*Asks:* 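Attaching a single structure in structure tokens format; questions to follow.
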Amino acid sequence: MRNKKRKAQLQIQEMAFVLVAIILLFGLVLLGFAVFQSAKVKQLAYEIRKEKTIGMLDSIANMPEFSCKNAYCLDEEKLIAYLEMPNEQKETYNNIWEKSKIALIKVERILPEESGTCNSQNYPDCKTYTLYQRNIDYQAYSTFMPLCYYDSIYGWKCDIAKLIVGFEVPKVK
Amino acid sequence: MINKKRKKAQQEVMGFVVIVLLVIVIGIMIFTFSLQRSLRKPSYIEDIRVNDLMNSIMQYSTGCEFEDVKGIIERCYNSEKCGNQDACDYLNEELRKILNATLGKEREYGNIIGYKLVDESGKINISEGEERGNLVASKYLVPIFSGTTTTNVEVTLYIYFGKIQD
């Protein structure tokens with residue numbers, strides 16, 4: 001009788017241990033799954049932001065404020081006009097860029113090789129047009145674009161440029 | 001007594017089998033996840049960049065009477081000249097210069113392994129680096145007017161990427 005009771009106690013103890021082990025195992029699996037899911041969500045957020053930026057490259061290149069009339073290119077004279085726009089007018093655009101989480105819009109002439117910042121006096125013999133810039137952390141993507149202007153002797157002339165768009169990097173809390 | 005012992009042994013074996021199966025299932029899940037991460041597809045920013053580069057090259061104004069690359073291709077097919085030089089030689093020189101200025105740095109320090117710009121007839125033939133890795137290509141049709149007929153020449157730009165950029 002005493003022996004039987006002892007055996008039963010041992011069996012209960014054994015079962016309790018097994019149950020604890022199973023719970024721990026499932027706990028670990030769940031923890032792993034949660035980590036995996038959170039990494040997946042972070043990756044998804046990053047991908048969405050990236051796709052939005054890449055889409056923005058095309059949108060900016062196609063904006064009537066910057067694009068050529070007849071072809072898929074950037075009109076250098078329009079870029080100069082944008083740079084020389086009064087600040088009150090620029091504010092409307094700046095608000096749009098800020099709402100779209102854009103931190104940088106820049107056009108860089110690659111060919112022919114030039115240097116310096118562009119303005120109405122030195123274009124087209126210059127390199128960089130900084131159309132918008134905010135002093136925050138950003139991730140930038142770029143694409144190639146024809147940068148065209150009207151030459152009074154030779155007519156319509158196109159160089160090769162890079163359109164660079166930077167997107168705000170979200171702060172990790 | 002023997003029967004009871006055998007039954008208990010069978011139960012323990014079953015329990016062991018269940019645990020082994022559970023471990024295998026978890027292992028497969030982890031393996032699948034890691035495989036998915038390593039087989040990441042080429043990003044579509046590369047597609048956009050290659051197409052935009054092709055478009056930029058074709059519109060670029062060369063030093064040959066400020067004619068664009070499309071115009072020089074037409075001259076090349078019509079066996080014309082650029083100054084004193086054969087138009088095809090001039091075209092290949094210009095294209096090499098353009099590709100070096102646009103993709104050269106990325107080939108040296110970035111994720112581009114190699115590139116190739118060719119047409120159907122072999123009049124345009126520029127290649128640099130190795131032809132391996134992820135390939136992104138862009139085609140451009142250039143209309144050639146010669147006398148009364150018009151034909152289209154297909155120019156293709158191939159870019160080979162190594163590790164795909166995030």
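As the structure is a prediction and not an experimental result, all values here were calculated from the model. Computation of the quantities below employed the complete heavy-atom set of this structure, encompassing side-chain atoms and omitting hydrogens, waters and symmetry-equivalent molecules. Letters go in sequence order (proteins before strands), and every chain restarts at 1.
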*Asks:* Is A:Y154 in contact with chain B via its backbone, its side chain, both, or neither, using a 4.5 Å heavy-atom distance?
*Replies:* side chain

*Asks:* Let me know which of A:D159, A:I110, A:L111, A:I160 forms a side chain to side chain contact (heavy atoms under 4.5 Å, CB included) with B:S56.
*Replies:* A:I160

*Asks:* Checking side chain to side chain contact (heavy atoms under 4.5 Å, CB included) for the pair B:F66/A:D151: CA distance, chi angles, key distance, verdict?
*Replies:* CA-CA 10 Å; B:F66 284 96; A:D151 188 286; 5.8 Å; no

*Asks:* Are A:L79 and A:Y82 in one and the same hydrophobic cluster, where Ile, Leu, Val, Met, Phe, Trp and Tyr link if side-chain heavy atoms are under 4.5 Å apart?
*Replies:* yes

*Asks:* Quick one, A:L57 and B:D52 - any side-chain contact, counting heavy atoms below 4.5 Å?
*Replies:* no

*Asks:* Verify, without hydrogens or angle tests, whether B:R49 (side chain) and A:F144 (backbone) share a donor-acceptor contact under 3.5 angstrom.
*Replies:*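 Not confirmed, B:R49 side chain does not pair with A:F144 backbone.
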
*Asks:* When clusters are formed by joining ILVMFWY residues with side-chain heavy atoms under 4.5 Å apart, either directly or through shared neighbours, do A:I102 and A:M63 land in the same one?
*Replies:* yes

*Asks:* Counting only non-hydrogen atoms closer than 4.5 Å, does B:N55 touch chain A with its backbone (N, CA, C, O), its side chain (CB onward), both, or neither?
*Replies:* both

*Asks:* Would a hydrophobic clustering, with Ile, Leu, Val, Met, Phe, Trp and Tyr connected at side-chain separations under 4.5 Å, put B:V118 with B:Y160?
*Replies:*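 Same cluster: B:V118 reaches B:Y160 through Ile, Leu, Val, Met, Phe, Trp or Tyr contacts under 4.5 Å.
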
*Asks:* Has A:D137 got more than 12 heavy atoms of other residues, nucleotides or ligands less than 6.0 Å from its CG?
*Replies:* no

*Asks:* So how far is it from A:K157 NZ to B:E67 CD, rounded to the nearest 0.5 Å?
*Replies:*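 Here the interatomic distance stands at 13.5 Å.
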
*Asks:* More than 12 foreign heavy atoms under 6.0 Å from CD of A:E14: is that the case here?
*Replies:*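 Not more than 12 within 6.0 Å, no.
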
*Asks:* Where on A:E113 is there a heavy atom nearer than 4.5 Å to chain B: the side chain, the backbone, both, or neither?
*Replies:* neither

*Asks:* Tell me, for B:I98 versus chain A, whether the close heavy atoms (under 4.5 Å) come from the side chain, the backbone, both or neither.
*Replies:*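 Both backbone and side chain of B:I98 come within 4.5 Å of chain A.
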
*Asks:* Pick one of side chain, backbone, both or neither for B:L53, based on which atoms fall under 4.5 Å of a heavy atom in chain A.
*Replies:* both

*Asks:* Under 4.5 Å between side-chain heavy atoms, counting indirect links through other Ile/Leu/Val/Met/Phe/Trp/Tyr residues: same cluster for A:Y150 and A:Y129 or not?
*Replies:* no

*Asks:* With hydrophobic residues grouped by side-chain heavy-atom distances under 4.5 Å, do A:L131 and A:I80 end up in a single group?
*Replies:* yes

*Asks:* Quick check on A:K40 against chain B: is it the side chain, the backbone, both or neither that has a heavy atom closer than 4.5 Å?
*Replies:* neither

*Asks:* Do you know which two heavy atoms are closest between A:C158 and B:S61, and how far apart they sit?
*Replies:* N-OG, 2.7 Å

*Asks:* So for A:L25, is it side chain, backbone, both, or neither that comes closer than 4.5 Å to the heavy atoms of chain B?
*Replies:*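 Contact with chain B: side chain only.
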
*Asks:* Using a cut-off of 6.0 Å, state whether more than 12 heavy atoms not belonging to A:K101 lie near its atom NZ.
*Replies:*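 It does not: A:K101 NZ has 12 such atoms or fewer within range.
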
*Asks:* Could you state the interatomic distance from SG (A:C148) to CG (B:D68), rounded to the nearest 0.5 Å?
*Replies:* 9.5 Å

